[in-house]
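Values below: every heavy atom of this structure, side chains too, minus hydrogens, waters and symmetry copies. Predicted model only: the values in this text are computed from it and were never measured.
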Amino acid sequence: MTVNLLDLDAAGLTAFFAEHGERPFRARQVLRWLHRCGQADFAVMTDIARSLRDELGSLAMVVPPAVISDRISDDGTRKFLFDVGGGNAVESVFIPEEERGTLCISTQAGCALDCSFCSTGKQGFNRNLSVAEIIGQLWQVRHALGAWQGPEANGERLISNVVLMGMGEPLANLDNTVTALRLMLDDNAYGLSRRRVTVSTSGLVPAMDRLRDECAVALAVSLHAPNDGLRDQLVPINRKYPLRELLAACQRYLEKAPRDFVTFEYVMLDGVNDADAQARELLALTRAVPCKFNLIPFNPFPGSPYRRSPAHRIRRFAEILLDAGVVTTTRKTRGDDIAAACGQLAGQVLDRTQRTGRRTLVLQLDRQDACT
Ligand code: SAH
Ligand code: SF4
């Protein structure tokens, strides 16, 4: 069977080459060609013997998910839609800022967890993405940005941060997520620091413990409510893993985390979870967990029953948290005009017909021939 090499991290590639009687350094060479140089063509991997290159051609392939569309918002946010087969598509969003460039990627087609305010959740669960489909988003966006390393590279740091906050629940697809994370951190691949890679979870407690042990990166937890009663409604997985267990898992995670805090995400829903008293309840709830808050103004989508909290309410809510000494930021809503904001991702193939994009780019995949 032909192996998609984008499915393999360093350990997987080493095992692959061992099976074919090759030494471990081959894995490093190929890893660098694939993930430092963005090279898919074995013929140009010139430091590998021609006979092995020919063999690779028959044993293996390099197949990222195909880009269906690439749209740029008025504010520079760029949304990519990828075909993952079977009529499904997933999305990635690149958010350029002065000091950094953040890529938000998906881990599942759809999501089974059905949070009541989330567009991805509303489309239901389709399937887990493979490693190649997860890391392939980074691979393809690097191509689109021209951000590979090598003699002619023009922006290898364009993607300085990766957040797993796109479609799906990363910890419900833990094995593939961990392998993709290992590639992101590997110096022979993307070489990102653990602090610059963030997994966002709605709170799958056992998987949080596994992530901590297998590949502890920065952690964001989607809290959204200050008590179990409300969280049960907004984030149904809370019925299985209630707040007491979730917060204990956060504390355990921090024993190995690359940062000394957890980021709590809190979507601001008008009249639902945005009262002063709820901010104070939230402070009491999270007292024992070193944390920061990130308030996310709700992003509406067709058919959703919620409204975004008004700006003055979000400011007041933030003030209460800040006055108690908790670092609190409010997420800028970006990419509104191309439905690229948090919780608006619903990459069904239907999106192909959407007319909301301002500009559709012709993809230029400038594959480099030489790479150091
Ligand atoms: N499944 C993971 C990661 C993907 S969702 C999780 O739930 O954490 C990424 C973030 O977007 C989560 O904090 C999620 O609660 C939030 N989100 C979902 N729908 C939203 C919406 N309509 N408006 C604003 N934020 C939303
Ligand atoms: Fe899934 Fe996250 Fe959306 Fe909830 S918020 S339905 S966990 S993607």
Side-chain angles (χ1 to χ4, degrees), residues 3-16 27-28 30-38 40 60-67 80 82-85 88-94 101-111 120 126-144 147-148 159-201 204 207-208 210-220 257-258 345 347:
V3 176
N4 186 355
L5 295 187
L6 294 184
D7 274 322
L8 306 178
D9 63 0
L13 276 172
T14 305
F16 170 81
R28 195 181 65 240
V30 170
L31 204 60
R32 291 170 75 94
W33 278 113
L34 295 177
H35 296 289
R36 283 175 70 96
C37 311
M61 56 188 183
V62 179
V63 186
V67 178
F80 297 82
F82 296 96
D83 186 358
V84 292
N88 291 298
V90 298
E91 296 179 341
S92 299
V93 179
F94 177 65
T102 304
L103 182 65
C104 175
I105 62 177
S106 297
T107 52
Q108 297 183 308
C111 182
T120 304
N126 200 282
R127 69 171 174 83
N128 283 333
L129 298 189
S130 66
V131 177
E133 288 166 337
I134 300 173
I135 205 69
Q137 296 168 58
L138 186 44
W139 204 84
Q140 290 284 40
V141 175
R142 269 201 168 186
H143 272 298
W148 293 105
I159 303 173
S160 60
N161 296 58
V162 175
V163 295
L164 280 65
M165 294 184 185
M167 297 168 65
E169 167 53 52
L171 299 192
N173 183 14
L174 188 69
D175 289 341
N176 292 347
T177 294
V178 164
T179 304
L181 288 172
R182 289 194 174 125
L183 282 166
M184 290 175 210
L185 304 181
D186 194 322
D187 282 338
N188 288 313
Y190 299 88
L192 294 166
S193 97
R194 285 173 193 277
R195 300 161 61 89
R196 289 178 173 272
V197 178
T198 302
V199 166
S200 173
T201 181
L204 300 188
M208 287 168 69
R210 274 192 59 201
L211 182 70
R212 176 194 74 153
D213 294 337
E214 292 179 24
C215 194
V217 293
L219 183 70
L345 307 184

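Proximity of V163 to S200: side-chain heavy atoms (C-beta onward) are nowhere separated by under 4.5 Å. Using a 4.5 Å heavy-atom threshold, the side chains of H35 and I135 count as touching. In this structure, the side chains of P65 and V90 stay at 4.5 Å or more apart for every pair of heavy atoms. A 4.5 Å side-chain heavy-atom check between L34 and V30 finds at least one atom pair inside the cut-off. Considering only heavy atoms from C-beta on, L181 comes within 4.5 Å of V199 through its side chain. In this structure the side chain of F82 never reaches within 4.5 angstrom of the side chain of I105, judged on heavy atoms.
With rounding to the nearest 0.5 Å, the separation of CG in L8 from CZ in F16 is 7.5 Å.
Qualifying side chain to side chain donor-acceptor pair (under 3.5 Å) partners for D186, counting only residues two or more places apart in sequence or in other chains: none. T107 meets the side chain to side chain donor-acceptor pair (under 3.5 Å) test with no other residue; sequence neighbours excluded.
Applying the salt bridge (charged side-chain N to carboxylate O under 4.0 Å, His left out) definition to pairs two or more places apart or across chains, those involving residues 127-138 are R127-E133.
The environment of CZ in R28 is sparse: at most 12 heavy-atom neighbours from other residues, nucleotides or ligands sit within 6.0 Å.
Each of N128, T120, N88, N126 was checked for a side-chain hydrogen bond (donor to acceptor under 3.5 Å, both in side chains) with Q108, and the lone residue meeting it is N128.
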